[in-house]
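The figures that follow rest on heavy atoms only: side chains count, while hydrogens, waters and symmetry mates do not.
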Amino acid sequence: MDFESISTLVVKQANDNPLITTSQIKGDLQDIQTRCGSVSLVIVDYVQLIEPMRRERGENRVQEIDSILKQLRAIAKQFNCTVLGLAQLKREVDSRSEKRPTKADFRESGGFEQEAAVMLGLYP
């Protein structure tokens with residue numbers, strides 16, 4: 001195979017650590033960048049599973065998620081890449097007649113509205 005003719009290199013690196021932090025994601029990206037060059041897409045499945053780098057006294061989960069989202073946005077800027085973060089919706093969506101998700105339906109955070117360049121909601 002002629003690697004010089006390949007214009008795009010896809011690197012799939014899964015980190016199934018249930019206690020992953022944005023610092024670990026950043027370290028993984030730096031390793032990939034060193035080995036392969038630039039990174040263009042990072043997929044986080046899912047944002048609410050990321051652990052805060054440090055727990056602040058009195059900080060609730062909504063504040064932690066907001067902080068994590070800010071850190072993911074900083075990673076996108078640092079690596080000049082797209083970060084696609086999958087997120088869970090609130091259960092109230094299921095009880096409504098209109099199932100189409102709105103920005104307010106993202107679970108545990110208004111930070112999605114503040115930090116995301118684009119928000120997409122899928123529905124059946």
Side-chain angles (χ1 to χ4, degrees):
M1 177 177 231
D2 180 13
F3 288 103
E4 292 176 3
S5 66
I6 297 175
S7 61
T8 304
L9 177 63
V10 176
V11 176
K12 179 185 178 217
Q13 180 166 326
N15 188 330
D16 290 333
N17 179 355
L19 302 175
I20 194 163
T21 65
T22 54
S23 180
Q24 290 168 312
I25 292 170
K26 188 175 173 180
D28 288 348
L29 291 173
Q30 288 169 331
D31 291 344
I32 292 169
Q33 195 173 41
T34 299
R35 286 184 288 132
C36 306
S38 66
V39 175
S40 52
L41 175 66
V42 176
I43 301 173
V44 177
D45 182 16
Y46 69 95
V47 171
Q48 286 96 335
L49 288 179
I50 297 175
E51 288 292 313
M53 290 193 296
R54 61 187 172 278
R55 294 203 188 273
E56 299 293 331
R57 191 172 176 90
E59 190 173 52
N60 63 34
R61 188 62 180 155
V62 170
Q63 292 166 319
E64 289 175 351
I65 295 293
D66 288 349
S67 175
I68 288 165
L69 291 167
K70 284 181 175 76
Q71 293 162 24
L72 289 173
R73 186 166 181 104
I75 286 171
K77 287 182 180 181
Q78 178 182 347
F79 290 91
N80 193 29
C81 68
T82 300
V83 174
L84 174 62
L86 305 179
Q88 188 174 15
L89 296 177
K90 296 176 185 173
R91 297 208 184 274
E92 289 87 35
V93 175
D94 293 333
S95 63
R96 295 192 317 232
S97 60
E98 175 57 63
K99 303 292 185 197
R100 192 178 307 234
T102 66
K103 292 177 182 180
D105 291 325
F106 284 85
R107 188 171 181 175
E108 295 178 326
S109 181
F112 287 99
E113 293 179 62
Q114 294 173 358
E115 298 302 327
V118 175
M119 294 174 68
L120 300 174
L122 304 178
Y123 71 101

(message) Go through it in stages, so that I can follow the logic: the residues are Glu98 and Arg100, the test is salt bridge (charged side-chain N to carboxylate O under 4.0 Å, His left out), and I'd like the CA-CA distance, side-chain angles, deciding distance and then a yes or no.
(response) CA-CA 6 Å; Glu98 175 57 63; Arg100 192 178 307 234; 3.7 Å; yes

(request) Can you spot which of Ile75, Leu72, Val42 makes a side-chain contact (heavy atoms from CB on, under 4.5 Å) with Lys26? (result) Ile75

(request) Scan Leu69, Leu86, Val83 and name whichever one has a side-chain contact (heavy atoms from CB on, under 4.5 Å) with Val47. (result) Leu69

(message) Any non-hydrogen side-chain atom of Arg61 less than 4.5 Å from a side-chain atom of Pro52?
(response) yes

(message) What I'd like to find out is whether the side chain of Gln24 reaches to under 4.5 Å of the side chain of Thr21, using heavy atoms alone.
(response) yes

(message) Looking at Asp66 and Gly111, would you say the former's side chain and the latter's main chain have a donor-acceptor pair under 3.5 Å?
(response) yes

(request) Determine, stepwise, if the pair Thr22 / Ile68 fulfils side chain to side chain contact (heavy atoms under 4.5 Å, CB included). (result) CA-CA 7 Å; Thr22 54; Ile68 288 165; 4.1 Å; yes

(request) Please assess Asp31 against Thr34 for the test side chain to side chain donor-acceptor pair (under 3.5 Å), listing each intermediate value before the final yes or no. (result) CA-CA 5 Å; Asp31 291 344; Thr34 299; 5.6 Å; no

(request) Look up atom CD1 in Ile50 and atom CG in Leu19, then write down how far apart they are to the nearest 0.5 Å. (result) 12.0 Å

(request) Please indicate whether Asn60 has more than 12 foreign heavy atoms, meaning atoms of other residues, nucleotides or ligands, lying under 6.0 Å from its CG. (result) yes

(message) Within this structure, what is the CG-CZ distance for the pair Asp105 and Arg96, rounded to the nearest 0.5 Å?
(response) 4.0 Å

(message) Strictly distance-based, threshold 3.5 Å: is any side-chain N or O of Gln88 a donor or acceptor partner for the main-chain N or O of Gln48?
(response) no

(message) Could you measure the distance from the CZ atom of Phe106 to the CE atom of Met119? Nearest 0.5 Å is fine.
(response) 4.0 Å

(request) Specify the closest pair of heavy atoms between Val39 and Ile32, including all atoms of both residues, with the distance to one decimal. (result) CG2-CG2, 4.1 Å

(message) Could you measure the distance from the CD atom of Gln71 to the CD atom of Glu115? Nearest 0.5 Å is fine.
(response) 10.5 Å

(request) Verify whether one side chain among Gln63 and Ser67 offers a donor that lies under 3.5 Å from an acceptor in the other. (result) no

(request) Measure across Gln30 and Phe79 and return the closest heavy-atom pair with its distance rounded to 0.1 Å. (result) CG-CZ, 3.6 Å

(request) Grab the two heavy atoms, one from Arg73 and one from Ala117, that are nearest each other, plus how far apart they are. (result) NH1-N, 3.9 Å

